[in-house]
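See below for the structure under consideration.
Basis for what follows: all heavy atoms, side chains included, without hydrogens, waters or symmetry-related copies.
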Amino acid sequence: MRKRGITVKLFAITAIFFLAFYAMIMIFQLLFFDRFYQHHKTKEAAEHLHQLAEGYVKESWSEAEFIKQTFSYMKVTKSPVTVVDAEGFQLVQDPYNIMLETGDGAVIEVSLSLLVANYGKQVQALDFRNGDTLIVEGEVDEGDSSVIYPSVIHKDKFSVGEDPDDDEIKIEGKVKSVSLPKDGIINRGLGILYDALLEWFPLKEEQIKQLSDGESLQLNWVESWSGKHNLVLIEPIKKDGEMQYMFSVTSIQEIKDTNEALRIFYVYIGVAGFILIILLSLFFSRIVSRPLIKLNDMAKKMVNLDFSLAKPIQQKDELGSLSNNMLVMAKNLDIALNDLKQANKKLKQDMKKREKMEKEQREFFEHASHELKTPLSIVKSFAEGLQDGVSPDKRDHYVEVIIEESEKMEVLIKDMLDLAKLENGAIKLRKTSFLLSEMIEVLAYKLFCIAKEKNVVIEIMPKNEQHILADYEWMERVMQNLLMNAVRHSEPDSVIVIRIGLDQTNGGSIFEIENKGKQIPEEHLENIWKRFYRTESSRSRMTGGTGLGLAIVQQILDLHAFHYGAENMPDGMRFYVRFK
């Protein structure tokens with residue numbers, strides 16, 4: 001009776017559950033999914049458009065940056081976008097364009113949106129590149145003579161477009177830059193965008209009033225010639241004291257088509273699904289109930305730790321494995337206790353490690369407060385001097401000192417924040433491939449004035465240089481700190497030698513920088529990477545450093561897993577980095 005009871009219960013529960021779940025899915029799909037998707041699509045598209053509009057107003061983007069952000073929006077939302085006035089005239093540069101330099105040196109913008117909308121694949125096939133010679137026939141923009149709307153573009157023996165009118169102009173020039181979407185969105189929605197502009201503009205008075213009050217418009221639009229459903233989004237923006245509107249069109253037709261097909265599909269699989277659920281429920285109840293009764297008997301014996309009479313279920317499945325595991329469980333208790341002891345030991349080690357970290361944090365704050373104390377005292381004393389009415393001939397000097405010390409504190413605080421982010425693992429590397437010598441040449445140029453004060457020459461000697469793969473911005477920070485460190489501690493009238501070449505040990509690249517100056521005692525070489533560590537008074541804040549430069553270098557290089565170090569030379573110091 002017990003077997004029959006649990007079998008019947010499992011069958012009934014399983015069948016009811018699957019039938020209810022199946023019915024719920026069908027009801028949701030048939031009745032609610034269409035509205036759910038449209039609501040989700042509307043909300044998502046409106047949020048992306050609002051973000052784009054905020055960036056357009058607040059970030060003061062250039063035309064190139066706005067085009068870049070427009071492409072990003074189109075890639076994410078798969079919807080075209082533009083900025084227009086109340087009459088529907090576009091106010092921003094066409095995102096798809098060619099900058100053409102004519103023979104007389106003039107630069108003409110060739111607007112491509114209409115051409116892309118009508119001849120997207122042909123435009124893509126021509127593969128415009130910088131330096132190509134093109135002949136463009138079209139109409140000049142009435143408001144801007146440097147913009148032309150092409151009817152046809154000729155490249156070599158090929159062309160794209162339609163025959164021009166007699167009154168259109170022809171220009172020839174070389175391509176200076178090309179702005180076109182990537183493959184897959186070459187003509188996505190451009191035609192529908194212009195059709196929507198013609199449909200909805202000029203705006204109605206009540207719509208203009210809503211937009212003037214800061215409300216966004218979300219309008220459903222059914223194309224009269226195709227019957228496709230679209231979502232029109234209009235976001236009001238105020239730019240340079242004028243009201244403008246960010247306009248986008250998003251298609252919601254595909255889900256309607258898919259939902260119609262799914263409704264027919266569910267009708268066909270409904271009967272088969274019902275029969276399958278009944279059979280699966282019966283099979284499931286029988287295969288589970290029998291071994292469960294045996295496992296229950298075994299569990300009763302194991303409650304009293306009686307394993308002598310217990311026998312495993314002879315099945316090669318999860319239930320059979322469960323019965324074997326129940327028998328092994330007692331034997332594993334001793335192992336579990338030993339593991340618990342090991343975990344306790346590890347916990348103690350972690351506690352000691354945490355105490356060490358807390359100690360290092362306290363030392364860090366002590367050093368930081370000490371480093372900030374001196375400039376703060378200077379700023380305070382000189383500010384008090386100004387307050388007490390120092391003589392006019394000294395006032396400018398007092399202000400310069402206050403500004404100089406404030407800048408030092410600002411650099412120190414920035415370095416401490418960067419070091420904290422690096423140590424906490426909050427930095428995600430964005431690796432690219434580049435030549436190290438090109439980066440160092442730029443940095444050496446920036447430090448030219450500082451090096452000239454000490455009459456120090458920086459020599460860069462690349463040999464068999466290879467590209468390295470690293471985060472460009474953080475690696476630039478490393479090289480800047482090492483180069484600045486070498487300049488500060490170089491003897492006057494000396495040469496800083498930078499070598500970049502092939503590392504014979506691992507086949508990668510190696511960077512070495514040598515400067516003439518005081519050596520660091522061997523016993524202190526390992527400590528130079530610590531925060532605020534200084535071996536002698538000459539390596540003090542008076543040299544201009546914050547005491548965090550090499551600590552930041554260490555964290556960045558460790559994050560890249562690059563090998564690095566420092567060593568004494570007969571007449572100075574050498575720092576090196578080995579790149580994988």
Side-chain angles (χ1 to χ4, degrees), residues 62-64 66-68 70-71 74 80-183 185-202 223-226 244-245 247-249:
S62 63
E63 290 185 350
F66 179 71
I67 291 174
K68 178 181 177 182
T70 300
F71 284 163
M74 293 173 64
V81 65
T82 188
V83 178
V84 298
D85 60 13
E87 299 298 323
F89 295 106
Q90 296 190 66
L91 302 176
V92 294
Q93 178 182 346
D94 189 343
Y96 304 153
N97 61 75
I98 293 176
M99 304 306 291
L100 205 64
E101 185 174 5
T102 60
D104 58 0
V107 178
I108 304 298
E109 176 190 340
V110 182
S111 176
L112 296 180
S113 283
L114 289 175
L115 208 62
V116 167
N118 297 320
Y119 307 96
K121 292 184 179 179
Q122 294 91 323
V123 172
Q124 187 178 14
L126 285 182
D127 190 21
F128 298 118
R129 297 181 180 274
N130 292 349
D132 289 346
T133 300
L134 303 180
I135 298 176
V136 180
E137 299 181 63
E139 180 180 355
V140 177
D141 191 307
E142 296 180 357
D144 188 353
S145 60
S146 64
V147 178
I148 184 173
Y149 299 98
S151 297
V152 62
I153 298 178
H154 304 277
K155 176 185 176 182
D156 299 331
K157 298 179 180 180
F158 305 97
S159 63
V160 58
E162 59 185 11
D163 294 334
D165 296 334
D166 295 336
D167 58 344
E168 294 184 347
I169 68 167
K170 177 191 292 187
I171 62 171
E172 180 177 354
K174 289 188 176 182
V175 176
K176 189 175 182 182
S177 66
V178 181
S179 177
L180 280 174
K182 296 186 180 299
D183 298 346
I185 60 170
I186 188 67
N187 62 350
R188 180 178 293 149
L190 285 177
I192 199 67
L193 176 67
Y194 293 112
D195 291 337
L197 287 173
L198 293 174
E199 175 74 18
W200 291 96
F201 284 90
E223 301 174 43
S224 58
W225 57 92
S226 65
Q244 302 178 11
Y245 309 101
F247 186 88
S248 179
V249 182

Between S248 (side chain) and P80 (backbone), is there a donor-acceptor pair under 3.5 Å? yes
What one should report as the nearest heavy-atom pair of V249 and A196 is CG2-CB, 3.5 Å
State the OG1-NZ distance between T102 and K174, to the nearest 0.5 angstrom. 12.0 Å
Heavy atoms, side chains only, cut-off 4.5 Å: are R129 and V175 in contact? no
With heavy-atom distances below 4.5 Å as the criterion, would you say the side chains of K155 and D132 are in contact? yes
CD1 of I153 to CD1 of I135: how many Å apart, nearest 0.5 Å? 11.5 Å
Minimum side-chain heavy-atom gap V136-I108 below 4.5 Å: no
Under 4.5 Å between any side-chain heavy atoms of F201 and D85, yes or no? no
Start with the C-alpha gap between D195 and E223, add the side-chain angles, then the distance that decides, and say whether side chain to side chain contact (heavy atoms under 4.5 Å, CB included) holds. CA-CA 9 Å; D195 291 337; E223 301 174 43; 5.8 Å; no
Result of checking V81, T82, V83 against T70 for side-chain contact (heavy atoms from CB on, under 4.5 Å): V81
Side chains of H154 and E172: any donor to acceptor distance under 3.5 Å? no
Heavy-atom closest pair (M99 atom, V107 atom, distance to 0.1 Å) is CE-CG1, 3.7 Å
Trace of the side chain to side chain contact (heavy atoms under 4.5 Å, CB included) decision for N130 with V178: CA-CA 7 Å; N130 292 349; V178 181; 4.2 Å; yes
Quick one: OH on Y245 to CG on L197, what's the gap to the nearest 0.5 Å? 13.5 Å
To the closest 0.5 Å, what do you measure between CG (N97) and OG (S177)? 6.5 Å
Between the CD1 atom in I148 and the NZ atom in K170, the distance rounded to the nearest 0.5 Å is 11.5 Å
Between V110 and P150, which heavy-atom pair has the shortest distance, and what is it? CG1-CG, 3.7 Å
